Amino acid sequence: MTAPKICMVGSCMTDLVARTPRLPGPGETLFGTSFHVGFGGKGANQAVMAARLGADVSVVVKLGRDSFGENTFKNFQEQGCDTTYFFWDETGLSSGVAPIWVEETTGQNSIIIVPGANSALSPADIRAAHTAIEDAQLVICQLEIPLETTLEAFRVAKAAGVKTILNPAPAAALPDELLNLTDILVPNEVEAAMLSGMPASTVEQAEASARVLRGRGVGTVIITLGDRGALILTEDGAEHVSAERVQAVDSTGAGDAFVGTLGYALAAGRPLRDAVRTACAIATRSVLKTGTQTSFPYRAEVEALL
Ligand code: RIB
């Protein structure tokens with residue numbers, strides 16, 4: 001069987017993760033209990049998740065010429081991602097970093113991203129990388145690179161008949177053109193609320209919020225709801241997919257595990273509901289371990305789910 005082909009156009013960060021008994025308040029200094037440096041960035045995480053499940057993933061990213069950039073390049077190669085369209089910033093920007101605080105009792109986190117070279121990934125880079133997009137079955141983007149770059153990636157994808165998945169994270173206002181070019185929008189409840197202008201915390205609210213987003217031109221909306229699963233809205237109607245409840249150790253990157261799995265499963269030809277159920281199950285697994293990519297399972301560990 002040929003591997004499903006995915007192109008990820010998006011971000012890479014180096015995660016600087018501190019675990020603390022609770023999240024600090026303004027002006028407060030707290031003792032943390034542990035610290036680690038890991039590979040992150042929503043785009044990189046989604047690409048790595050899909051690659052671990054067996055997708056043929058090409059990444060279109062930009063890094064700074066520093067040790068974080070070199071290590072990220074090596075990590076993509078070790079994970080089996082195609083780095084043909086890996087761009088280096090030559091203007092002195094640093095690679096992207098993300099200081100992250102994880103609360104030990106709940107596994108919840110707070111993240112600051114400093115995009116660095118991610119902010120220099122340009123529409124011209126996308127045009128240079130057009131074959132990576134055109135050769136894929138689907139393209140996945142997020143919002144940690146400039147909006148006009150994401151827009152260009154989706155324009156190239158649509159012109160070639162390639163399916164588009166947008167994870168609108170971190171939350172930001174989106175132009176109608178981008179929503180119209182999006183086949184599947186995958187916000188979490190906070191992002192859905194921001195984009196639709198209405199709450200999306202319960203399944204009922206998420207459905208109403210998804211209807212507003214479909215009304216703005218998106219094909220399918222999938223709102224992730226943490227341990228309550230996900231709400232799917234297509235032209236055929238709404239459906240709630242539930243998830244297993246677990247005691248989270250670290251929720252960082254769970255949304256990325258969801259999107260990467262969803263992309264893999266859809267590119268592999270699985271029906272939408274089935275793909276969402278698998279994405280919920282693998283995202284749930286990812287919260288049981290610490291770290292971001294370190295918590296994502298390899299195919300052998302989740303064969304039964306696939
Ligand atoms: O979604 C989690 C990711 O968000 C982290 O890896 C961090 O780098 C930020 O991009």
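Fair warning: this is a prediction, and the values are worked out from it, not measured in the lab. For ligands, and for the atoms within them, numbers begin at 1 and follow the listed sequence.
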Mark up the atoms of ligand 1 that fall under 4.0 Å of a heavy atom belonging to [X], in ascending order.
X: M13; result: 8 (O), 10 (O)
X: N45; result: 2 (C), 3 (C), 5 (C), 6 (O)
X: G41; result: 5 (C), 6 (O), 7 (C), 8 (O), 10 (O)
X: I113; result: 9 (C), 10 (O)
X: T292; result: 6 (O)
X: A98; result: 7 (C), 8 (O)
X: G40; result: 6 (O), 8 (O)

For atom 10 (O) of ligand 1, state which one of Q142, E144, Q46 supplies the nearest heavy atom. E144

Do the ring planes of F76 and F86 sit parallel (below 30°), tilted (30 to 60°) or perpendicular (above 60°)?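 The rings of F76 and F86 stand perpendicular, inter-plane angle above 60°.
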
One residue to check: K42. Relative to ligand 1, which of side chain, backbone, both or neither has a non-hydrogen atom less than 4.0 Å away?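 K42 to ligand 1: contacts from backbone and side chain alike.
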
Heavy-atom side-chain proximity of [X] to [Y] below 4.5 angstrom:
X: M49; Y: P297; value: yes
X: V37; Y: T14; value: yes
X: I232; Y: L272; value: yes
X: V61; Y: S11; value: no

Do V139 and L121 sit in one hydrophobic cluster, given that two such residues count as connected whenever their side-chain heavy atoms are within less than 4.5 Å of each other, even indirectly?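 Same cluster.
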
Check whether NZ of the Lys or CZ of the Arg R52 lies under 6.0 Å from the centre of the six-membered ring of F296 and within 45 degrees of that ring's axis. no

Atom 6 (O) of ligand 1 [closest protein heavy-atom partner, distance rounded to 0.1 Å]: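 Looking only at protein heavy atoms, the one closest to atom 6 (O) of ligand 1 is D15 OD2, 2.7 Å.
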
What is the closest protein heavy atom to atom 1 (O) of ligand 1, and at what distance does it sit?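 Closest protein heavy atom to atom 1 (O) of ligand 1: D256 OD2, 2.7 Å.
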
If you count the non-hydrogen atoms of other residues, nucleotides and ligands that lie under 6.0 Å from CD in E28, is the total more than 12? yes

Does ligand 1 have any atom sitting under 4.0 Å from a heavy atom of G255?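 Contact check G255 vs ligand 1: negative.
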
